[in-house]
Amino acid sequence: MDWLPLLSTLAGAAIGNVATLIADRSRWKREDVKEALALRLRLDIYMQYTTTVKVLGATLRAGRPSAHFPARSGSRTTACCGT
């Protein structure tokens with residue numbers, strides 16, 4: 001039996017598998033970096049959103065009339081809401 005074709009086939013398969021593993025590993029690293037950047041961007045956007053909502057809520061609470069300072073009778077809130 002001639003062993004050269006069998007050894008050549010096995011060597012080619014091994015080289016092909018190693019090349020595929022190297023290519024996949026580099027692709028996985030690239031994708032991990034992209035996913036990490038996308039996650040960081042998403043977290044930054046969520047943080048900006050929650051900060052904006054918090055500031056807006058504080059601004060609205062600061063602008064509402066309180067029991068200590070009742071609204072004037074001619075103000076818009078009194079005229080429209082009847083309070």
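Nothing here was measured: the structure is a model prediction, and the numbers come from that model.
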message: I need the full list of side chain to side chain donor-acceptor pair (under 3.5 Å) pairs touching residues 49-61, with sequence neighbours left out, sorted by first then second residue.
response: none

- prompt: How many angstroms lie between CH2 in Trp28 and CG in Leu21, if you round to the nearest 0.5 Å?
  reply: 7.0 Å

field: Atom pair CZ (Arg42) and CD (Glu35), whose distance is rounded to the nearest 0.5 Å
entry: 9.0 Å

message: To the nearest 0.5 Å, what is the distance between CD on Gln48 and CG on Leu43?
response: 11.5 Å

- prompt: Any chance CZ of Arg25 has more than 12 other-residue heavy atoms, nucleotides or ligands included, within less than 6.0 Å?
  reply: no

- request: Test Asp32 against Lys29 for salt bridge (Lys or Arg N to Asp or Glu O under 4.0 Å), laying out the working first.
  value: CA-CA 5 Å; Asp32 283 345; Lys29 283 184 179 181; over 6 Å; no

query: From Leu7 CG over to Asp2 CG, what is the distance, rounded to the nearest 0.5 angstrom?
result: 9.0 Å

- prompt: Among Leu6, Leu10, Leu4, whose side-chain contact (heavy atoms from CB on, under 4.5 Å) with Ser8 holds?
  reply: Leu4

